[in-house]
Amino acid sequence: MSSAPTGFGKGCHLHLIDGSAFIFRAYHALPPLTRKSDGLPIGAVSGFCNMLQRYVEDNTGPDAPTHVAVIFDKGSHTFRNDLYDLYKANREAMPEDLRPQIPLTRQATEAFNIACKEMEGFEADDIIATLACQAREAGGRVTIISSDKDLMQLVGDGVEMLDAMKNLRIGVDGVREKFGVGPERVVDVQALAGDSVDNVPGAPGIGIKTAALLINEYGDLDALLERAGEIKQPKRRQTLIDHADQIRLSRQLVQLDCKTPLDFGLDDLEVKDPDPEVLMGFLTEMEFRTLTRRISEKLGVEAPVIEAPKAAEAEPVEMPSFDDAEYVAVTSAEELAPWIAQIRERGWVAVDTETTGLNEMVAELVGISLAVEPGRACYIPLQHRAEGEGLFESTELAEGQMGLDEALDALRDVLESDAIVKIGQNMKYDTKIFARYGVQVAPIDDTMLMSYAMHGGEHNHGMDTLSERYLGHTPIPIKPLLGSGKSAITFDRVPIDKATQYAAEDADITLRLWQIFRPELHKARVTTVYETLERPLVPVLAQMEMHGIKVDRDTLSRMSNAFSQKMAALEDEIHELAGEKFNVGSPSQVGGILFDKMSLPGGKKGKTGKYSTPADVLEDLATEHDLPGRVLDWRQLSKLKSTYTDALQEHINSDTGRVHTSYAIAGANTGRLASTEPNLQNIPVRSEEGRRIREAFVAEPGNVLVSLDYSQIELRILAHIAKIPELKQAFDDGLDIHAMTASEMFDVPLEEMTPDIRRQAKAINFGVIYGISGFGLARNLRIPRAEAQGFIDRYFERFPGIKDYMADTKGFAKEHGFVQTLFGRKIHTPEINAKGPRSGFAQRAAINAPIQGTAADIIRRAMIRMPAAIEGMPAKMLLQVHDELLFEVAEDAVDDLIPRAREVMEGAADPAVHLDVKLVVDAGKGANWAEAH
DNA sequence: GACATCACG
DNA sequence: GACGTACGTGATGTCC
């Protein structure tokens with residue numbers, strides 16, 4: 001490139017490169033490359049650098065530019081969103097593997113020593129427009145390197161465009177060819193035609209052709225709208241009259257702003273040669289071998305050596321010791337600003353919220369901590385209370401804190417920005433807290449879920465466990481800060497200096513874990529699991545939990561009273577039968593009465609040396625005596641009352657009148673969710689009396705509850721995985737699967753099937769899923785062990801695929817230490833090679849895990865797709881119960897919802913996995929859950 | 001806090 | 001040949 005004269009003016013030539021267009025073209029043109037050493041996605045950066053290099057090579061000689069800049073978009077919110085909130089609203093979210101590459105493209109531009117410009121809240125197009133206008137006024141030439149038609153309005157008077165891909169120059173004639181009008185009328189045509197890509201509405205039914213025709217006829221848009229009544233075609237005339245405001249708005253949206261306030265001038269954009277050291281340094285860091293070699297030859301410098309990393313012994317991420325960590329309190333907007341700047345520069349931040357409690361529906365935000373690099377984190381105290389005097393607790397806020405609204409406003413753009421990943425440990429908690437304060441946190445990463453995807457089955461995924469295992473550091477315990485028992489305090493009463501050390505460390509730990517996990521995720525080949533089955537579930541579950549389900553207190557309360565009375569009567573009867581008073585709720589006392597006092601047979605003692613009296617034992621004894629049956633009845637009522645009718649009432653949120661469960665995403669080993677506080681996945685249904693509890697789960701007036709559940713999903717998955725043709729056929733034919741199994745096993749024709757034979761076959765079918773044993777089946781069916789073993793042998797004989805599946809799965813687990821679902825989820829089986837009974841447990845768990853886990857993956861996929869599928873419908877997804885989804889739906893929308901939701905559920909395995917067996921979903925509806933199920 | 005029991009899929 | 005045995009969860013009450 002030639003050297004530039006000083007002062008932009010006549011004879012100067014400015015090149016403006018549309019950076020975002022480069023990035024997206026690079027991203028889509030290249031396969032998803034990753035950096036060898038750590039798995040960082042790097043494809044788009046690589047393509048971007050190649051494009052820059054080709055640009056530099058192509059632009060030497062007499063027509064070389066004197067000034068050049070690459071212009072980027074920044075921030076997702078611009079003045080156009082204020083004009084029209086749906087502007088660019090239908091844009092697809094940025095692909096996850098592109099996001100971390102965005103900051104790197106800025107670095108790449110700077111490494112090439114090309115001016116790199118962006119302005120918060122402005123689109124690149126407006127900056128390009130402003131610079132083009134300035135250059136034109138100064139008498140220079142401008143080439144805009146882009147193929148974006150929105151920029152064509154700038155062409156003319158020394159400004160032209162260059163489509164670098166097609167190597168096509170576009171001047172006034174080119175614009176006329178594209179739009180049918182000159183550059184000065186392009187916005188008028190665009191205003192009429194609209195733009196589906198940017199979601200500019202325009203005039204319905206009018207495209208570029210018609211728009212150009214109209215503009216050419218009437219001169220310009222204002223004249224056209226003014227004289228719209230003169231248009232001959234009635235439909236077109238009416239459209240323009242009806243949508244005049246929308247058309248004017250559209251013009252505002254497409255009109256580029258030549259007056260963007262810039263903090264730099266044209267003279268800052270002078271062409272400069274790259275500094276070989278800087279450029280080589282960047283390319284080497286990115287590990288671009290070919291490009292490094294090529295450019296080093298051009299520059300005449302020696303190519304640095306990029307060492308091929310050995311994957312197995314990749315260097316651990318270097319991190320400062322926790323002893324040297326710097327944790328500071330941020331108490332003002334001025335102190336917060338540099339943190340925000342650094343976050344924007346990186347494109348990521350670890351976030352942690354401190355609150356007054358663990359229940360996200362009621363906890364108040366007390367403070368926020370942020371970490372951007374290991375060892376450096378801050379805590380923003382917001383709602384700590386001043387220390388009280390004497391016995392009285394103060395309700396005053398402590399001094400030295402940032403205002404809550406001020407802090408949230410300052411952080412909102414970061415927390416909601418598409419370009420910044422918010423990293424958290426269990427982000428569902430934090431996103432729910434922020435949502436209650438009006439901040440929608442996205443996109444996210446979650447270290448708990450990353451660990452779950454990589455290490456499921458090896459250990460739990462709490463912060464303490466992860467920090468100790470992967471950082472060798474024990475986090476500051478919360479206990480000493482909050483105390484325990486009656487004297488426990490909430491976090492808002494913790495002194496700010498202590499809170500800062502605790503809270504900032506949590507963010508620091510989270511960031512460190514993320515930096516370690518990110519490359520590991522790729523190495524463990526579970527990135528897809530994490531990105532398609534774990535992370536996207538977070539906002540879905542957060543919504544369900546926040547919405548909650550209405551529970552009718554009166555219904556529960558009435559039932560509770562009825563239970564009390566029945567229990568009291570039973571208790572008297574039991575004491576009478578026993579001849580003494582004792583605690584019926586104490587299994588060991590019941591055992592004492594039955595086995596010592598009454599000398600009934602079958603008394604077994606547990607590991608604590610006390611009698612054990614589980615239901616099946618009492619059931620057997622019920623034939624001998626009246627007492628065991630009464631105890632069983634009493635236990636059932638006691639369970640229903642204490643766990644359901646009483647406890648559920650305590651969980652009704654006083655603000656919403658609804659019950660808000662919490663789903664653990666990383667709780668169950670198999671990929672299932674777990675529901676806690678309260679557990680809404682074990683609401684009674686099997687017994688008639690228990691099922692009535694579900695009558696208390698109701699829909700709001702005008703709504704109904706709709707339940708959709710997968711029919712026999714685990715057996716279908718077994719049929720697929722173990723490749724059992726008979727089972728597959730039976731499912732395809734819609735047969736009764738247990739009856740079919742019975743017929744096959746016992747040589748009984750279907751039409752002669754008895755309920756008892758079918759019941760036995762059903763037990764065997766389930767037994768298979770659980771990793772059957774003769775003993776277990778015998779106990780379940782209460783038949784001799786030899787007979788049970790005979791059944792199993794027969795089953796294996798008829799369906800040999802099952803035996804192979806079990807043997808293969810055990811073998812795989814023994815060799816690899818984990819098993820997998822059809823979708824790639826890993827479930828580790830660390831005890832598979834243990835000796836003693838533990839390996840037996842592990843083997844059966846290994847057989848069950850791929851089946852249960854695949855079913856869990858499928859319903860996760862359905863849940864993740866559901867919000868988009870039912871968008872706009874008056875329907876909410878409320879609960880998941882492993883193979884069932886429960887919705888609350890406006891009555892008149894039920895007939896729309898059911899087929900849509902069913903379609904999502906039945907097709908949830910596609911396209912990742914094609915099942916040989918179709919999935920079938922049954923549906924029910926009603927005013928309450930008992931009716932819907 | 002461990003254990004036994006029982007609610008669900 | 002004996003040993004212990006269906007899979008996955010969470011909540012509650014007793015007992016120490």
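All heavy atoms count here, side chains included; hydrogens, waters and symmetry mates do not. Fair warning: this is a prediction, and the values are worked out from it, not measured in the lab. Lettering of chains follows the sequences in order, A, B, ..., and the numbering in each one begins at 1.
A:R785 comes within 4.0 angstrom of a nucleotide base, judged by non-hydrogen atoms across all strands. At a threshold of 4.0 angstrom between heavy atoms, the contacts of A:G606 are confined to the sugar-phosphate backbone, with no base atom among them. When heavy atoms are screened at a 4.0 angstrom cut-off, A:S638 is found touching no nucleic acid atom at all. Counting any heavy atom pair closer than 4.0 Å across all strands shown, A:F766 reaches no nucleic acid atom. Contact annotation for A:P587: backbone-only contact, meaning every heavy-atom pair under 4.0 Å involves sugar-phosphate atoms and none involves a base. Nucleic acid contact for A:V685: sugar-phosphate only, since backbone atoms but no base atoms lie under 4.0 Å from a heavy atom of the residue. As judged by a 4.0 angstrom heavy-atom cut-off over every strand, A:A788 is placed among residues making no nucleic acid contact.
Listed pair A:Q589 / C:dC15 meets the phosphate criterion, a side-chain N or O lying under 4.0 Å from OP1 or OP2. Contact annotation: A:R779 does not reach the phosphate of C:dT5 (side-chain N/O to OP1 or OP2, under 4.0 Å). Of the side-chain N and O atoms in A:T643, none sit less than 4.0 angstrom from OP1 or OP2 of B:dC6. Of the side-chain N and O atoms in A:N679, none sit less than 4.0 angstrom from OP1 or OP2 of C:dT9. Residue A:R672 places none of its side-chain N or O atoms closer than 4.0 Å to OP1 or OP2 of C:dG8. For the pair A:N682 and B:dC6, the criterion of a side-chain N or O lying under 4.0 Å from OP1 or OP2 is not met.
A:R635 contributes no side-chain N or O that forms a donor-acceptor pair with the base of C:dT12 under 3.5 Å. For A:R686 and B:dG9, a side-chain-to-base donor-acceptor distance below 3.5 Å is present, hydrogens and geometry of angles not being considered.
Under the 30°/60° scheme for interplanar angles, the aromatic rings of A:F766 and A:H738 are found to be tilted.
The cationic group of A:K641 does not satisfy the cation-pi geometry with A:F563, failing either the under 6.0 Å distance to the six-membered ring centre or the 45° limit from the ring axis.
In this structure, A:K597 pairs ionically with A:E580, as a charged nitrogen and a carboxylate oxygen lie closer than 4.0 Å. For the pair A:E619 and A:R782, the salt-bridge criterion is met [side-chain N within less than 4.0 Å of a carboxylate O]. Looking at A:E571 and A:K566, no side-chain N of the basic residue comes within less than 4.0 Å of a carboxylate O on the acidic one, giving no salt bridge.
Separation of the A:Y795 and A:F791 ring centroids does not fall under the 6.0 Å cut-off.
A distance of about 23 Å separates the C1' atoms of B:dC6 and C:dG4, rounded to the whole Å. Using atom C1' as the reference point in both C:dA6 and B:dA2, the two lie 24 Å apart (nearest Å). Comparing the C1' positions of C:dC3 and B:dA7 gives a spacing of 31 Å, expressed to the nearest Å.
Each of C:dC15, B:dC3, C:dA6 was ranked by its minimum atom distance to the side chain of A:T608; first place goes to B:dC3. The nucleotide whose nearest atom lies closest to any side-chain atom of A:T676 is, among B:dC8, C:dG10, C:dC7, C:dG10. Distance from the side chain of A:D883 is smallest to B:dG9 among B:dT5, B:dG9, B:dA7. For A:P684, whose side chain is taken as the heavy atoms from C-beta onward, the closest listed nucleotide among B:dG9, B:dC8, C:dT12 is B:dC8. Proximity note for A:F775 (side chain, C-beta onward) versus B:dA7, C:dT5, B:dG9: the nearest is C:dT5. Of the candidate nucleotides B:dA4, C:dG8, C:dG4, B:dA4 has the atom lying nearest to any side-chain atom of A:K607. The side chain of A:Y644 lies closest to B:dA7 when the candidates are B:dA7, C:dT5, C:dA6. Of the listed nucleotides (C:dT5, C:dA11, C:dC15), C:dC15 has the atom at the smallest distance from the side chain of A:S586.
Atom-to-atom, CG of A:N583 to P of B:dC3 comes out at 20 Å; the value is rounded to the nearest Å. One can place NE2 of A:H882 at 16 Å from P of C:dC7, the figure rounded to the nearest angstrom. Rounded to a whole Å, the NZ atom of A:K610 is 7 Å from the P atom of C:dC15. As a whole-Å value, the separation of A:Y795 OH from C:dA6 P is 19 Å. As a whole-Å value, the separation of A:F563 CZ from B:dA7 C1' is 13 Å. One can place CD of A:Q636 at 16 Å from C1' of C:dT12, the figure rounded to the nearest angstrom. Atom CG of A:L594 and atom C1' of B:dT5 are 15 Å apart (whole Å).
Base pairing analysis places C:dA11 opposite B:dT5; the two distances defining the Watson-Crick or G-U wobble pair are each below 3.5 Å. Pairing partner, C:dC3: none, since no Watson-Crick or wobble contact has both distances short of 3.5 Å.
Between A:L594 and A:L618 the shortest side-chain heavy-atom distance falls below 4.5 Å.
Between A:W929 and the choices A:R691, A:E695, A:R694, the side chain to side chain contact (heavy atoms under 4.5 Å, CB included) rule is met once, by A:R694.
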